[in-house]
Amino acid sequence: MSCNSCSTKTVGLAEYASPNALTWCPGCGNFGIQVALKQALVAQGVTPHQAMLCFDVGCNGNGSDKIDGYRFHGLHGRILPVAAGIACANKKLTVVAEAGDGATFGEGVNHFVHAVRGNFDITFLCHNNENYGLTKGQASATTREDVAMNSNPDGVTSTPIHPQRLALSLGATFSARIFSGDIAGMNRVFQAAIAHKGFAFVEILQNCPTYNKHTPHEWYQQRVYNINETDHDTSNRAAAVAAAEDINEKVATGILYQDPNSVPFMMRDAVRKDLGAELIDEVKTYDITPYTSRMR
Ligand code: SF4
Ligand code: MG
């Protein structure tokens, strides 16, 4: 298999291997997610030096030094603007950002809103385990109502954010949902997300055996199904919204919506549309004396 810009190089899973030991709790969904991500990058012919892997703070972020390649570990809730900037500066890179539900729909919800609207060319893997796992099981914006968490022993009283409803209402050009226990499904969806032109939102229903006791691995196993094996039309936004709604009984997973005509942010810019150069090719030294001299 050849990589996406060097014509002959073959990429294998071993190239993404790291000597650092994994530190997640036994049974954590993060193990399978990282395996599936490596598989998808390899299957897409992306070598580690062509991938920019961006991590938020959280249990998922603790995987940032457990995979090889270019990596950036950002501040809590702030990884999307970093990833968007990288994608704008160098379109040759495959940019993947990872963050949890706490970072995405709590501290960083404003960034999520604008990343979706901007349609930046990023694959965004959102680990939704319905709690802040790294800081010991506090309720997040996606924790279900009435569920008792360490921060809310009498039960959560706020209405949870429904990630798919939010993303699709903002005009997401790619919105998918997949279960962390389904490695083959994650591989398939991640590949489609990487190949998508624009912001590809992948919500991963991640089990957290340590702190999320209300939707464990078996709970999802009994409820998820692959909507891409039905007659679901992935180009129909209204059908996607309807299919995504149920998160309690029959939980649809797979690609819920994809705009086949998606145009990413940088290609929408009339100034840059027909330019072959990347922003990084245009970095040069500017004389700013005329501007600073006014300040004396
Ligand atoms: Fe995984 Fe939960 Fe442990 Fe974090 S706290 S490593 S999400 S099982
Ligand atoms: Mg979380």
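Numbers here simply count residues along the sequence, with the first being 1. Everything numeric here is computed off the predicted structure, so don't read it as measured data.
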More than 12 non-hydrogen atoms from neighbouring residues, nucleotides or ligands closer than 6.0 Å to CD1 on I280, yes or no?
yes
Is it true that atom CZ of F265 has more than 12 heavy atoms of other residues, nucleotides or ligands lying nearer than 6.0 Å?
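Not buried by this count: 12 neighbours or fewer within 6.0 Å.
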side-chain contact (heavy atoms from CB on, under 4.5 Å) for I67 and S18? Distances and angles first, verdict last.
CA-CA 5 Å; I67 184 169; S18 160; 5.5 Å; no
Side chain to side chain contact (heavy atoms under 4.5 Å, CB included) partners for A36, two or more places apart:
I183, M186, F190
What pairs with T230 under side chain to side chain contact (heavy atoms under 4.5 Å, CB included), at least two apart in sequence or on another chain?
Y225, I227, H232
Is the backbone N or O of [Y] less than 3.5 Å from a side-chain atom of [X], with the two atoms forming a donor-acceptor pair by type?
X    : Y    : result
D233 : A239 : no
S180 : I33  : no
D281 : E278 : yes
R237 : L168 : yes
W24  : C59  : yes

Of all the heavy-atom pairs spanning [X] and [Y], show the shortest one and how long it is.
X    : Y    : value
Y257 : A240 : CB-CB, 3.7 Å
D65  : R71  : CA-NH1, 3.4 Å
D101 : S140 : OD2-OG, 2.5 Å
I122 : L80  : CD1-O, 4.2 Å
P26  : P209 : O-CG, 3.6 Å
G254 : N226 : CA-OD1, 4.4 Å

Does either side chain, that of [X] or that of [Y], offer a donor lying less than 3.5 Å from an acceptor on the other one?
X    : Y    : result
T23  : N62  : no
S262 : N119 : yes
S175 : Q164 : yes
T143 : N131 : no

Mind checking the [atom1]-[atom2] spacing from [X] to [Y]? Nearest 0.5 Å is all I need.
X    : Y    : atom1 : atom2 : result
N152 : T157 : CG    : OG1   : 6.5 Å
D121 : H196 : CG    : NE2   : 8.0 Å
Q50  : K92  : CD    : NZ    : 11.0 Å
N207 : K213 : CG    : NZ    : 11.0 Å
D146 : H214 : CG    : NE2   : 11.5 Å
K91  : L279 : NZ    : CG    : 7.0 Å

On the 0 to 90° scale, with breaks at 30° and 60°, tag the F105-F201 ring pair as parallel, tilted or perpendicular.
perpendicular
Can you label the angle between the F179 ring and the H217 ring as parallel, tilted or perpendicular, going by 30° and 60°?
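The arrangement is tilted - the two ring planes meet at 30° to 60°.
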Between [X] and [Y], is there shared hydrophobic-cluster membership here, with clusters defined by ILVMFWY side-chain heavy atoms closer than 4.5 Å?
X    : Y    : result
V35  : V96  : yes
V251 : L256 : no
L53  : V11  : yes
F112 : I86  : yes
V82  : L93  : yes

When you compare the side chain of [Y] with that of [X], does any pair of heavy atoms fall below 4.5 Å?
X    : Y    : value
F124 : T104 : yes
E98  : I79  : no
R165 : E245 : yes
V113 : L170 : yes
V224 : D182 : no
Q44  : T94  : no
Y16  : V46  : yes
R144 : T215 : yes

Set out, in order, the CA-CA distance, both residues' side-chain angles and the distance that settles side-chain contact (heavy atoms from CB on, under 4.5 Å) for K197 and V263, then state yes or no.
CA-CA 6 Å; K197 301 291 178 211; V263 179; over 6 Å; no
According to ring-ring contact (aromatic ring centres under 6.0 Å, His included), does anything in residues 54-101 pair up with another residue at least two apart or in another chain? List the pairs.
none
Could you check whether R223 pairs with E249 (Lys NZ or Arg NE/NH1/NH2 to Asp/Glu carboxylate O, under 4.0 Å)?
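No.
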Check step by step if side-chain contact (heavy atoms from CB on, under 4.5 Å) holds for N128 and E130.
CA-CA 5 Å; N128 184 7; E130 301 186 9; 3.5 Å; yes
